Amino acid sequence: MWAGMTAAAFTVPTRYWHRLDDGRIQCDVCPRACKLREGQRGLCFVRAREDDQIVLTTYGRSSGFCVDPIEKKPLNHFLPGTSVLSFGTAGCNLACRFCQNWDISKSREIDTLADAASAEAIADAAQSLGCSSVAFTYNDPVIFLEYAIEVADACRERGIRAVAVTAGYVCAEPRVELFSHMDAANVDLKGFTDAFYAGTCAGRLTPVLETLEYLKHETDVWFEITNLLIPGLNDSEEEIDRMTTWIVESLGPEVPVHFTAFHPDYKLLDRPRTPPETLIRARSIALANGVRHTYTGNVFDADGQSTYCHGCGSRVIERDWYRLGDYRLDADGRCERCRAQTPGVFSGAPGSWGARRLPVRLSSA
Ligand code: SF4
């Protein structure tokens, strides 16, 4: 069915847009609000105006598939130790100068995306590979939400959960639709100032905070937050203090926060790698402000990557990068020692996928 399909076969109509008085059509998927004339593409590059409507041009197309540990998304409180089938498409609706997936997010080579796959084929592959979930990752599912939703539904029909890895830069109406099909999310909170969002990502902070509040207060989606710390740009103690204070006050103490290390990439090559001490310091600030579960990522720090019971303080999940060690939670996520509930989604014994990364071609899955 998919072999030899033309670009038109991967193009579908969308519904979040409206006409402007000057003849342009505005896309209403994300706050960028691209205003397009016939034949133009939005900033994300995958939504375009064709035949006098906004279409998605990457429906059923992927930049590749890989089986990962769920901890790599990162999600530390969602079916620990299990494997997730990860995939993405092309394009992005932000323009982060430090993008660490820029070959995908900035891809203009949509016609040469490696794999084409129906939702059913992806769900079948996830099932046959023994994955507990499928993740829309590498680039943001917001821009390919019609495809992501169909894949999520096909997976959920088979008991496989759906995970969005997103920057949360989405308008209110599509936000509701996208997350109503998701079981979990990792939301990238890139900084806590408008200046950082505007100058480094070509975006705004407020819509991302609105997404976080929406997820917490109006959905059952389990979500965790990632904050990539870049030396000199968004890593001041004052900014981390304000961010984590806002998280506790607005979202509560139970939302896990991951501080991860930057490495020079894409257009941001003049900054050094994030020192481990910066992440350890950020984690200390978060803990002092009341965040119960906070982690360091992309560095060697087994203490900062393990999970501790908020009731008795004992280590309940030993974690080193993506590998689990000693595990002290019962099947429902309660501490074996004090019975306090660790927040998250737990189902029986932890998985045993380990730290493996397994690239797959769907035809051979
Ligand atoms: S989803 Fe794409 S086309 Fe639509 S507003 Fe955002 S960047 Fe523009």
Side-chain angles (χ1 to χ4, degrees), residues 1-2 58-89 113-166 176-187 215 219-224 226 256 317 322 324 327 329 331-333 343-365:
M1 174 181 173
W2 297 88
T58 54
Y59 192 94
R61 293 194 147 191
S62 169
S63 50
F65 294 85
C66 190
V67 183
D68 289 318
I70 190 70
E71 286 76 12
K72 194 173 179 191
K73 297 303 95 190
L75 286 173
N76 280 357
H77 294 233
F78 184 76
L79 305 174
T82 62
S83 59
V84 55
L85 180 63
S86 301
F87 82 101
T89 58
L113 280 176
D115 285 323
S118 68
E120 296 296 319
I122 294 170
D124 285 345
Q127 195 165 37
S128 67
L129 289 160
C131 296
S132 298
S133 54
V134 62
F136 311 102
T137 179
Y138 308 141
N139 68 331
D140 203 308
V142 163
I143 63 168
F144 62 96
L145 69 93
E146 294 83 1
Y147 183 36
I149 286 169
E150 189 172 327
V151 174
D153 288 352
C155 287
R156 290 168 114 190
E157 281 171 14
R158 292 161 174 78
I160 296 164
R161 322 273 178 113
V163 175
V165 179
T166 176
V176 171
E177 184 180 7
L178 176 66
F179 287 113
S180 70
H181 296 262
M182 297 295 145
D183 298 289
N186 186 288
V187 180
L215 285 171
T219 76
D220 293 326
V221 175
W222 174 256
F223 70 100
E224 305 183 17
T226 293
I317 307 177
Y322 310 128
L324 304 191
Y327 193 90
L329 294 175
D332 299 320
V345 177
F346 300 90
S347 180
S352 57
W353 178 254
R356 281 175 291 160
R357 182 177 187 277
L358 178 69
V360 292
R361 294 300 300 267
L362 230 55
S363 54
S364 60

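Keep in mind that what you see is a predicted model, and the values were worked out from it rather than measured.
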Could you tell me which non-hydrogen atom of Leu85 sits nearest to which non-hydrogen atom of Leu129, and how far apart they are? CD1-CD1, 4.2 Å

Going by atom types alone, do Lys73 and Ser86 pair a side-chain donor with an acceptor below 3.5 Å? yes

Rounded to the nearest 0.5 Å, how far does OG1 of Thr226 lie from CG of Leu75? 8.0 Å

Step by step, would you call Thr137 with Lys72 a side-chain contact (heavy atoms from CB on, under 4.5 Å)? CA-CA 11 Å; Thr137 179; Lys72 194 173 179 191; over 6 Å; no

Asp183 and Arg156, any side-chain heavy atoms less than 4.5 Å apart: yes

Sub-4.5 Å side-chain heavy-atom contact between Glu71 and Pro80: yes

Distance, nearest 0.5 Å, that separates CE of Met182 from CD1 of Ile149: 6.5 Å

Within the 4.5 Å heavy-atom criterion, are Val151 and Cys155 side-chain neighbours or not? yes

Give the minimum heavy-atom separation between Gly88 and Tyr138, together with the two atoms involved. N-CD1, 3.5 Å

What is the ring orientation for Phe87 with Phe65, classed by angle as parallel under 30°, tilted 30 to 60°, or perpendicular over 60°? parallel

Sidechain-backbone polar pair: Thr58 side chain, Arg61 backbone, donor-acceptor under 3.5 Å: no

Interatomic distance, Ile143 atom CD1 to Phe136 atom CZ [nearest 0.5 angstrom]: 13.5 Å

Pro343 and His77: which non-hydrogen atoms are nearest, and at how many Å? O-ND1, 2.7 Å

Closest approach of Val67 and Ser83, non-hydrogen atoms and distance? CG1-CB, 3.6 Å

Measuring only between side-chain heavy atoms, which start at C-beta, is Glu120 closer than 4.5 Å to Arg158? yes

Could you grab the distance from atom OG1 of Thr89 to atom OH of Tyr147, nearest 0.5 Å is fine? 8.5 Å

A side-chain contact here means heavy atoms from C-beta on lying under 4.5 Å apart; do Ser132 and Trp353 qualify? no

Heavy atoms of Val163 and Phe78 approach each other most closely as CG2-CE2, 3.8 Å

Nearest 0.5 angstrom please: Asp68 CG to Ser133 OG, how far? 10.0 Å

Might you point out which heavy atoms bring Cys131 and Ile160 nearest each other, and give the distance in Å? O-CG1, 3.9 Å

First locate atom CG of Leu358, then atom SG of Cys66, and finally report the distance between them rounded to the nearest 0.5 Å. 6.5 Å

